[in-house]
J.: 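Once you've had a glance at the structure underneath, I'll fire off some questions.
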Number of protein chains: 4
Amino acid sequence: MKKNKPKYRQIIDAAVVVIAENGYHQAQVSKIAKQASVADGTIYLYFKNKDDILISLFREKMGDFVAKIREAVAGKSTAAEKLLVLVENHFKILSEDPHLAVVTQLEVRQSIKELRLQINAVIKDYLLLIDDVLKEGVRTGEFKGSLNILLARQMIFGTMDETVTTWVMNDQKYDLKSLASEVGDMLLNGFSAR
Amino acid sequence: MKKNKPKYRQIIDAAVVVIAENGYHQAQVSKIAKQASVADGTIYLYFKNKDDILISLFREKMGDFVAKIREAVAGKSTAAEKLLVLVENHFKILSEDPHLAVVTQLEVRQSIKELRLQINAVIKDYLLLIDDVLKEGVRTGEFKGSLNILLARQMIFGTMDETVTTWVMNDQKYDLKSLASEVGDMLLNGFSAR
Amino acid sequence: MKKNKPKYRQIIDAAVVVIAENGYHQAQVSKIAKQASVADGTIYLYFKNKDDILISLFREKMGDFVAKIREAVAGKSTAAEKLLVLVENHFKILSEDPHLAVVTQLEVRQSIKELRLQINAVIKDYLLLIDDVLKEGVRTGEFKGSLNILLARQMIFGTMDETVTTWVMNDQKYDLKSLASEVGDMLLNGFSAR
Amino acid sequence: MKKNKPKYRQIIDAAVVVIAENGYHQAQVSKIAKQASVADGTIYLYFKNKDDILISLFREKMGDFVAKIREAVAGKSTAAEKLLVLVENHFKILSEDPHLAVVTQLEVRQSIKELRLQINAVIKDYLLLIDDVLKEGVRTGEFKGSLNILLARQMIFGTMDETVTTWVMNDQKYDLKSLASEVGDMLLNGFSAR
DNA sequence: AATGAATGAGTCTTCATTCAT
DNA sequence: GATGAATGAAGACTCATTCAT
């Protein structure tokens, strides 16, 4: 598929808006086409099928997401700082794109199991980034040597995810970003070498 | 609806099996009816519509779930012990019912948003139980006085949920229960008064 | 079927009320049973099937209807008077039973064609009564000798029927009975020997 | 809906045939689609739902019907002639389209009440045309000055309708058109100033 | 005679996808 | 490349009727 053509992103952006505003099951292909100002059939010149729109959407947006966080993390020297900056940016990016937040926290999860497996592959990259920070923390002695990396990562990701989902379910009506340091501290406590 | 009639639970149990094995979107009413050995129409004597099956299923199973955990927690005297026993039982109950684990971790989340709002109301009870443990820990000085109860609860629930989901996504092929103490310790560290 | 048992009429009367208030297609057997204070299955001890309820209802009510009109007509000596009294009573009887009026003018006609053929057989008796009056009028010279009995009857029945239907469609909000003499006069003019 | 597309009328014509031959309640959408040589889904590109087919059918056919009668009436100078020509054409048009006659006289009336209300709005136009003829007759002195226009119209429409229905119920086996002058005369007599 | 829980056949409608233009 | 009219498969739900008690 021709990913660098402008219509490719045009359709993806339309999909984010339509899914966020109507929900996954009310996001018909024709609605996305209309929002993108293209004909229904045109969608199929850029995407294999409807699920492919969602996967591509997720891959594109998640790619940007991870790239931004990776960059932010790179600027910090300690694992603790990196973890904090990771949480901060996770919250910040989703705060700044309300449509995307709705799509990632609520709507994507309504897709069928097969679709979610593919989406998990996309998340993998993010999980590996978290793992890297954790491993670094163990290596430098910031985190306890006995730390179970997998469990710690699940704690980090699960906590952030649950926090963002709760915020979205409450219609994003409080400030998510300001929760970052507190969340980060609790997580760090859990891992600290003491 | 007539909840004490045997057919009510018969249908719910059939739904758990069918949804776990086929996924929510492939769990046709006729398939559930067949599994329950009743006619399609009989379903509608006990449930308003298809969504009502899922909500009822979740309410019944979650009711049992919370009751079991509440009982286990009641037998412990410190907040820390209570939290550990909560995590242990959360993992234990889902470990022992693989079908239910699939339904709660994957399939229920595919339901439409409106449905999920109702399901959240059912979860509420569980979240309140977690809150109680946290409040007790703050009161007794086990947990730091500055603990943000909401965030802490999101950390506990998010961590357990992500841990179970990862386990389910990996086809339940490792022992979930044995992770409980490690997960519990990390969480406790995060909250401890030091 | 056991027509002299009290439950037979009890069910018919319930059917009139339920059909008038809910419409033919919303008059489920279970609703009629409830209104009649009997079990669903009991209906089938007195009626062959659902259509049989409607046919029986119509036969019973139409029987009473024709009997009343026949009696009123019998008391008059000229064909003209008989026709007038027929129109008057047609309007009077339906005026006094609003539920029945709704059922005969609107709901019965929603039944399937086969059903309506049977209902027509029930009306036959009424049409024959009208024919008798017309024939008498021709015999006595009150009506023109060239009168086409069939057409004249269709004119009488069609006019009365349309008048009642219009009244029912207007929610029976004006006085139907007071239209009788005017309708009767117009019809008589059409038939008069001059 | 796109009324000038050929498929619109193609579907309507198919519906007339299917409804006339099978009855309204046995006229499944799939049957109409097959008769029209289109896919089931295509129906919904031109009609909101099944009821909309019937309403549209009636509106189109009734529109043609009234237009033809209006034209015929326009060519006559006296109210009496107009009334005669109206009856003649009413019978003639339905005589020449046996399928349409079955649909208008029997099947349309089986539709639910809500549907019939909409259909009545379509008939309105025809009733107004009749009213106009009657008013003209009164103005010119052809009809008696005391004529109750509403009742007279009900007599005209009711008589014609009953006459056509009886003819349809008798499988259209006699000549309807030849009854027109006799029916017209009887009606005229009823209204005449003498 | 009476009950009412259980049955299961039957249909409208949506919407992802195609393909002739 | 782009269009959008046409396709047709698929499934939840209702309700008249039955029959074991």
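All chains are named by letter (A, B, ...) in the order of the sequence lines, taking the proteins before the strands, and each is independently numbered beginning at 1.
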J.: Would you please name every residue forming a side-chain hydrogen bond (donor to acceptor under 3.5 Å, both in side chains) with A:Q172, sequence neighbours left out?
T.: none

J.: Do A:Q35 and A:D13 have side-chain N/O donor and acceptor atoms under 3.5 Å apart?
T.: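 No, because no side-chain N or O of A:Q35 sits under 3.5 Å from a partner of the opposite role on A:D13.
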
J.: Among B:V102, B:L100, B:L57, which residue meets the side chain to side chain contact (heavy atoms under 4.5 Å, CB included) test with B:I19?
T.: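 Going through the options one by one, the only one that passes is B:L57.
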
J.: D:K31 NZ to F:dG8 P: how many Å, rounded?
T.: 19 Å

J.: Whether C:K34 contacts E:dG4 is assessed here as follows: a side-chain N or O lying under 4.0 Å from the phosphate OP1 or OP2. Is that the case?
T.: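 No, C:K34 has no side-chain N/O under 4.0 Å of OP1/OP2 on E:dG4.
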
J.: Does D:K7 have a side-chain nitrogen or oxygen under 4.0 Å from the phosphate oxygens OP1 or OP2 of F:dA6?
T.: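 For F:dA6, OP1/OP2 do have a side-chain N/O of D:K7 under 4.0 Å.
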
J.: Return a single string for nucleotides 15-21 of chain F, one symbol per nucleotide in 5' to 3' order, where B is base contact, S is sugar-phosphate-only contact and - is none, cutoff 4.0 angstrom on heavy atoms.
T.: SSBB---

J.: Between the main-chain N or O of C:D52 and the side-chain N or O of C:S56, is there a donor-acceptor pair closer than 3.5 Å?
T.: yes

J.: How do C:A39 and B:I43 order along DNA chain E: which one's closest nucleotide is nearer the 5' end?
T.: C:A39

J.: Across all strands, who's sitting opposite F:dA20 as a Watson-Crick or G-U wobble pair, both distances under 3.5 Å?
T.: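 Across all strands, the one nucleotide that pairs with F:dA20 is E:dT3.
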
J.: On the nucleotide E:dA1, are OP1 or OP2 found under 4.0 Å from the side-chain N or O atoms that C:Y46 carries?
T.: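 It does not, given that no N or O in the side chain of C:Y46 lies less than 4.0 Å from OP1 or OP2 of E:dA1.
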
J.: I need the B:K31 NZ to B:E21 CD distance, nearest 0.5 Å.
T.: 10.0 Å

J.: Mind calculating the distance between CD (A:Q10) and C1' (F:dA2) to the nearest angstrom?
T.: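 So the two atoms are 13 Å apart, to the nearest Å.
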
J.: Do the side-chain N and O atoms of C:Q105 and C:D161 include a donor-acceptor pair separated by under 3.5 angstrom?
T.: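 Yes - a donor-acceptor pair under 3.5 Å links their side chains.
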
J.: Taking atom C1' of F:dG11 as reference, at what distance in whole Å does atom CG of B:N22 sit?
T.: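 B:N22 atom CG is separated from F:dG11 atom C1' by 15 Å.
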
J.: Can you tell me the distance, in whole Å, between the OH atom of C:Y8 and the P atom of E:dA2?
T.: 15 Å

J.: Atom OH of D:Y24 and atom P of E:dC12: how far apart are they, to the nearest Å?
T.: 9 Å

